[in-house]
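Input: a single structure, listed below in structure tokens.
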Amino acid sequence: MSSPKKIIQDLTKEELGELIKPSFRAKQIYHWIYHKYADSFATMKNLPKEMREKLELEYTVAPLKQVMVQNSKDGSRKYLYELHDKHTVEAVLLLMRDKEYHKDGSVKHQERYTVCISSQVGCKVGCAFCLTAKGGFMRNLTAGEIVEQVRLIKKDNDIAANRRVNLVYMGMGEPLDNLPEVAKSVKIFADEEGMAIATHRQTISTSGLSSKIEKLGKMELGINLAISLHAVDDELRQQLMPINKAYNIASIITAVKNFPVNDRKRVMFEYLVIKDINDDLSAAKKLLSLLDGIKAKVNLIYFNPYGGTEFKRPSTEDMKKFQEYLTTHGLHCTIRESKGLDISAACGQLREQELEGEV
Ligand code: SAH
Ligand code: SF4
């Protein structure tokens with residue numbers, strides 16, 4: 001088999017500028033890719049023909065192939081993409097309605113777009129509740145394969161290049177287990193000549209690799225941090241998330257305390273609520289003391305069941321009680337809307353269905 005073409009989206013604008021002279025060509029190519037959503041070099045008409053042909057020989061602009069899309073009643077859309085080696089990853093477009101105001105003060109509603117992206121094929125962390133983990137780990141995605149998920153979603157949904165979107169690294173994989181490529185993708189997303197998604201609009205979610213959290217902090221990227229905590233004592237957390245053996249709760253808290261947080265932001269602690277496992281108020285109480293002294297907010301997530309799991313979704317009432325306990329004690333706490341629940345938007349679920357031939 002001939003080796004696959006290199007992925008043009010893997011290159012930062014500076015790298016592209018080194019490769020192609022004069023360097024203003026890099027800007028033009030970025031515009032074609034990220035503003036006009038070009039998917040071949042042939043369409044890049046303001047580049048010299050020989051340059052287009054040379055690029056075409058070595059590089060691809062279309063490293064991902066859409067193999068499936070599922071629409072949710074709430075407008076969210078979940079995509080399955082195939083990579084050059086036939087592995088597949090998921091990305092989800094989440095729609096939220098935002099209030100905005102006309103000049104005369106009247107309210108207009110606007111969609112707010114959030115794209116949830118994958119950073120690896122599978123995951124090594126092996127959380128007991130996670131479907132992505134069940135398939136094991138295949139490989140890291142390259143920066144370009146991460147970037148391409150967002151470009152394709154914007155293109156498919158006619159989202160103008162300058163429309164604001166938020167990014168969450170909450171799809172398949174553990175972003176901090178692929179830190180170099182993830183950090184590179186953050187910078188490519190943020191490039192003003194590209195998608196211009198400011199780093200404060202990007203959130204990296206991690207299962208808590210403390211040493212990598214410290215490393216990420218030192219990079220000063222300006223991204224938001226989300227920690228998948230899910231349990232307040234090491235014993236239960238270890239059962240749910242084996243990574244806790246290597247990085248316990250105390251080490252995560254220390255790493256978070258050292259993390260540079262934007263003045264107007266908070267570190268998000270995600271807490272996946274599983275019925276009869278971690279949904280009692282004593283856990284809420286412990287959570288409060290754990291997060292004492294941290295600029296934190298808590299996001300409660302309903303466990304999203306799938307075939308073959310013994311875990312159960314908590315009741316709405318228990319979720320509300322848990323939330324109320326935290327908020328009355330002064331901790332910011334939201335319950336994640338089950339966006340796209342009807343298309344099983346929790347990570348790994350679409351791919352799993354396809355592998356089992358259900359869709
Ligand atoms: N690996 C990273 C990011 C991807 S997982 C992390 O763990 O943070 C993104 C989120 O999906 C995590 O908070 C994870 O706990 C959650 N998740 C996994 N399986 C889920 C399920 N069945 N229902 C609801 N959320 C789930
Ligand atoms: Fe990996 Fe996150 Fe799933 Fe845990 S929840 S197995 S870290 S993708």
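Just so you know, ligand 1 is whichever comes first in the structure, and atom 1 is the first atom listed for that ligand.
Within the 2.8 Å limit, C130 places at least one N, O or S atom next to atom 3 (Fe) of ligand 2.
Residues Y247 and S211 bring a donor and an acceptor atom of their side chains to less than 3.5 Å of each other. There is a side-chain donor-acceptor pair under 3.5 Å between N140 and Q120.
Using 4.0 Å as the threshold, G173 has a heavy atom nearer than that to some atom of ligand 2. Not a single heavy atom of C123 lies less than 4.0 angstrom from ligand 1. At least one heavy atom of H230 sits less than 4.0 Å from an atom of ligand 1.
Close approach to T206 involves these atoms of ligand 1, each under 4.0 Å from a residue heavy atom: 6 (C), 8 (O). Residue F129 has at least one heavy-atom neighbour below 4.0 Å for each of these atoms of ligand 1: 15 (O), 18 (C), 19 (N), 22 (N). Atoms of ligand 1 found under 4.0 Å from any heavy atom of E270 (numbered from 1 in listed order, with element): 13 (O). Less than 4.0 angstrom separates some heavy atom of Y302 from each of these atoms of ligand 1: 24 (C). For ligand 1, the atoms closer than 4.0 angstrom to any heavy atom of G171 are 4 (C), 5 (S). Each of the following atoms of ligand 2 lies closer than 4.0 Å to a heavy atom of C123: 1 (Fe), 6 (S), 7 (S), 8 (S). Near G173, meaning under 4.0 Å from any of its heavy atoms, are these atoms of ligand 1: 1 (N), 2 (C), 3 (C), 4 (C). Each of the atoms 6 (S) of ligand 2 lies under 4.0 Å from some heavy atom of G126. Within the listing of ligand 1, atoms 3 (C) sit less than 4.0 angstrom from a heavy atom of Y169. Short contacts between ligand 2 and S207, defined as distances under 4.0 Å to a heavy atom of the residue, involve ligand atoms 7 (S). The ligand atoms of ligand 2 that sit less than 4.0 angstrom from a heavy atom of A133 are 6 (S). Taking a cut-off of under 4.0 Å to the non-hydrogen atoms of Y306, the atoms of ligand 1 that pass are 22 (N).
For atom 3 (C) of ligand 1, the nearest non-hydrogen atom from the set C130, S207, A226, S205 comes from S205.
The structure places CD1 of I117 at 4.5 Å from OH of Y169, a figure rounded to the nearest 0.5 Å. With values rounded to the nearest 0.5 angstrom, K286 atom NZ is found 11.5 Å from L291 atom CG. Here the CD atom belonging to Q323 is positioned 10.0 Å from the CG atom belonging to N299, to the nearest 0.5 angstrom.
Within 6.0 Å of CD on E324 lie no more than 12 heavy atoms contributed by other residues, nucleotides or ligands.
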Salt bridge (Lys or Arg N to Asp or Glu O under 4.0 Å) evaluation trace for K321 with D279: CA-CA 9 Å; K321 271 194 211 150; D279 58 351; over 6 Å; no

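With E181 as the fixed residue, the side-chain contact (heavy atoms from CB on, under 4.5 Å) test singles out one of V186, T142, L141: T142. Evaluated for a salt bridge (charged side-chain N to carboxylate O under 4.0 Å, His left out) with D39, the options R151, K155, K65 yield exactly one hit, K155.
With a 4.0 Å heavy-atom cut-off, ligand 1 is reached by the side chain of L272 but not by its N, CA, C or O. At a heavy-atom cutoff of 4.0 Å, ligand 2 is contacted by both the backbone and the side chain of C127.
Scanning for side-chain contact (heavy atoms from CB on, under 4.5 Å) contacts around K27 gives K13, E193, with sequence neighbours left out.
The ring of H35 has its center no closer than 6.0 angstrom to the ring center of Y30.
For R313 and Y302, the positive end sits near the middle of the six-membered ring, less than 6.0 Å away and at most 45° from its axis.
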